[in-house]
There are 2 protein chains.
Amino acid sequence: MGRQPSAKPTSFDIAYLAGVSQPTVSRALRGSKSVSAATRANIERIARELNYTVDKNASSLRSQRTHTLALLFFEDPTPDESMINPFFLSMLGSITRECARRGYDLLISFQQMHNDWHVAYQDSHRSDGIILLGYGDYQLYLTKLEHLVEMGTKFVRWGSVSEEGIGLTVGSDNVGAGEQAGAHLIEIGRRNIAFLGDASDHAPEFQDRYDGLCRAMRAAGLDPDPALQRDAVSSEDSGYAAATSLLAGAQPFDAIFAASDLIAIGAMRALTEAGLRMPHDVAIIGFDDIPAASLTSPTLTTLMQDMKGAGTLLVDALLARIEDRPVEQRILPARLIRRQSTAVQGSSGGRLGAVF
Amino acid sequence: MGRQPSAKPTSFDIAYLAGVSQPTVSRALRGSKSVSAATRANIERIARELNYTVDKNASSLRSQRTHTLALLFFEDPTPDESMINPFFLSMLGSITRECARRGYDLLISFQQMHNDWHVAYQDSHRSDGIILLGYGDYQLYLTKLEHLVEMGTKFVRWGSVSEEGIGLTVGSDNVGAGEQAGAHLIEIGRRNIAFLGDASDHAPEFQDRYDGLCRAMRAAGLDPDPALQRDAVSSEDSGYAAATSLLAGAQPFDAIFAASDLIAIGAMRALTEAGLRMPHDVAIIGFDDIPAASLTSPTLTTLMQDMKGAGTLLVDALLARIEDRPVEQRILPARLIRRQSTAVQGSSGGRLGAVF
DNA sequence: CGCCATAGGGTATACGTATACGCATAATAT
DNA sequence: ATATTATGCGTATACGTATACCCTATGGCG
């Protein structure tokens, strides 16, 4: 008995102690202007003393606002279900923090693409809005997005901003990043640049990166060779397979731009097994700058996406949409991180230049 | 107007359509025995047609059960705040999935150690229980745990099971894993084994791993040398610093057991810079088997924790505690993953054996 | 044939908060 | 000095569900 947790104090308890009515407590704590400074201060003091916190459920029920955002990971169904794209995991941190800063809770759910859409619908009931994250087959979830729009659900998604998408999108400047990658490879003298990553409209982001690469090549007077493109989804195995297929092809190449670091890592494995040296024989650039990129051998040049900015922007945009404020699409710049996989002596030299 | 989303349907709506009262709808959908099969089927059909979902807030408010678990990450305050221990991130996936399977929502929040504990208390209002995850200064949050217990909050934490802890703990068999690491190093002929990781009671898990190592050494007739132990927290930089300090010391060593892969990776960088070859001059073992462990050069031998099992067990234990079912501490075995960093020819040889 | 148990479901109400109103009092305007 | 408005707060009620309690009809039993 002794120090009973005295149940959970309610706004009535603190109202009683403050000598006011329950609604006044509610008003005071929510910052209403129609409560005097003295009263408010008193109420806040008592609330603190009692360790009082507003009951989230009651509050949400009454106000019809949950102050919760839902984060939906879409994954391609992968055999190894525990492997999550590291890039999105890094974004999780910044999203969480931004939510906390805004006083929002974050609900998490993972979702296999093929699963019942009902889950997302439920999530929309438990939260004020949804953040959609995930690579994967884009077409597959287009209809689902339409469904969301139809139901008036508020959501933002991470993805390709360039295409005329459904709903609000925040994403990296994939075309610009592709250009940077291409320009860098050209600068170190490479001419035959391969691209590993889905270039169909099933993966608009990868397509954008490829477009950027092509643009950079054309700007340098080069002609992108479609035979040097291989489809790949964002996984090591897929990268390995794509690179293997590339090696089996007839077209010679002296550089690879991989649509993600995971693809690049897989490709590096294939190249190493084939006895090719990097960057001497083949220079390689990835995308994302996952932690592993600085651990590979050689360390991987890559394009770093601004994950911290991404989290902030996503939450920001979603809240704006929830509060019916105007929002426009936002694009985040990517930054080239130079590492060993493209480090050759001098700015020319190409595949002929000896490294030492 | 046309196909108005017709607002959100309530249990009254579907009760009206089914020709029953609202409570009957509630009973039917919650699986109460006192509603006939026919009525239930009818109600379920109508509910599905209207896309009805139970209002989480109202339900929680009335029943005082939120059907939500909170996941609290504790981090040591790090300058680079975006870096989250990869190991815990992998666990996130399995926890999420397990929650979903049990019909629970998962609320996420990251928490700097030094932050106001009040936040966690609030979480206890929003969830039925808390899962605590995080390396970090253990002493620092002991008092906070006591606070939780005092308030009757249900929680589980991931950590060292061996110590007489507060609250319910699920964790790997750190002592056993340390023994495995030691035995393996001894088996390949190493005698002077260093340990990188906090061996104080600020980090019980690391201490357990060290204890295991010492046990294995003693079992082989070796005497653990305290001069070969260096404190380190789980980060690459800390590992680098610890290894550097070790190299500066007078004691020779031919093997390192690092308390985490991140530490090991940092240490490998220091060794490489010092011109030492692995495993020839120094064999090294990490802990966790993060994805990066298979990418280092040489690839890193490590002890894999059963993350999938961990997620399941954590959720399982927490639910048991919430439902006042009896639970006991659970220990998960770790598995030795042999890679290049301990791969020497033959089972003896030590630092003298040439690799080729 | 009367009694009681049981199935099936209705009635009333509570969960804790937020908000629409209304009503004083005090501060202005006229 | 009266009409007007703002200030500060209380009264009443709604949010959507779950549960305690009560009631009716049926069937089994003696």
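Just so we're on the same page: letters track the sequence lines, and every chain starts at 1. As a basis for the values below, the full set of heavy atoms in this structure was taken, side chains included, without hydrogen atoms, waters or symmetry mates.
Atom pair A:Asn57:CG and C:dA18:P shows a separation of 12 Å (rounding to whole Å applied). Rounded to an integer number of Å, the gap from A:Arg65 CZ to D:dG16 P is 16 Å. B:Phe12 has its CZ atom 8 Å from the P atom of D:dT17, to the nearest Å. Separating the OH atom of B:Tyr16 from the C1' atom of C:dG10 is a distance of 18 Å, rounded to the nearest angstrom. Atom pair A:Leu29:CG and C:dT19:C1' shows a separation of 15 Å (rounding to whole Å applied). To the nearest angstrom, C1' of C:dG16 lies 14 Å from CZ of B:Arg126. Per the geometry, CG belonging to B:Leu61 stands 12 Å off P belonging to D:dT19, to the nearest Å. Nucleotide D:dC15 holds its P atom 17 Å from the CD atom of A:Gln22, rounded to whole Å.
A donor-acceptor pair is defined here as one N or O able to donate and one able to accept, closer than 3.5 Å; no such pair exists between the side chain of A:Ser59 and the backbone of A:Asp55. The backbone N or O of A:Thr66 sits less than 3.5 Å from a side-chain atom of A:Asp128, completing a donor-acceptor pair. Listed for the A:Thr39 side chain is no donor-acceptor partner under 3.5 Å among the backbone atoms of A:Val35. The backbone N or O of B:Phe12 sits nowhere less than 3.5 Å from a side-chain atom of B:Gln22 that would complete a donor-acceptor pair.
At the heavy-atom level, B:Ser21 lies under 4.0 Å from base atoms of the strands shown. Using a 4.0 Å heavy-atom distance criterion, A:Val20 is classed as a sugar-phosphate-only contact. Using a 4.0 Å heavy-atom criterion, one finds that A:Thr39 contacts the sugar-phosphate atoms exclusively.
Between the side chains of A:Lys8 and A:Thr53, no donor-acceptor pair is found at a separation under 3.5 Å.
When the nearest nucleotides of DNA chain C are assigned to A:Arg62 and B:Arg62 by heavy-atom distance, the more 5′-ward of the two goes with B:Arg62. Summary of the strand contacts: B:Gln64 and A:Arg27 both lie near DNA chain C, and taking for each the nucleotide with the nearest heavy atom, the more 5' one is attributed to B:Gln64. Mapping B:Thr10 and A:Lys33 onto DNA chain D by nearest heavy atom places A:Lys33 at the nucleotide closer to the 5' end.
Between A:Ser36 and the phosphate of D:dC9, there is a side-chain N or O to OP1/OP2 separation shorter than 4.0 Å. Applying the 4.0 Å criterion to OP1 and OP2 of C:dG10, one finds that B:Thr24 has a side-chain N or O inside that range. Checking the phosphate oxygens (OP1, OP2) of D:dT19, a side-chain nitrogen or oxygen of B:Arg30 falls inside 4.0 Å. Within the 4.0 Å cut-off from OP1 or OP2 of D:dC9, not a single side-chain nitrogen or oxygen of A:Ser34 is found. Phosphate contact (OP1/OP2 of C:dG16, side-chain N/O of A:Tyr52, threshold under 4.0 Å): absent.
A distance of 9.0 Å separates CG of B:Leu168 from CD of B:Glu328, quoted to the nearest 0.5 Å.
Picking from C:dG9, D:dG16, D:dA18 the nucleotide with the shortest atom distance to the side chain of B:Val35 gives C:dG9. Closest to the side chain of B:Val54, from the set C:dA18, C:dG9, D:dA18, is D:dA18.
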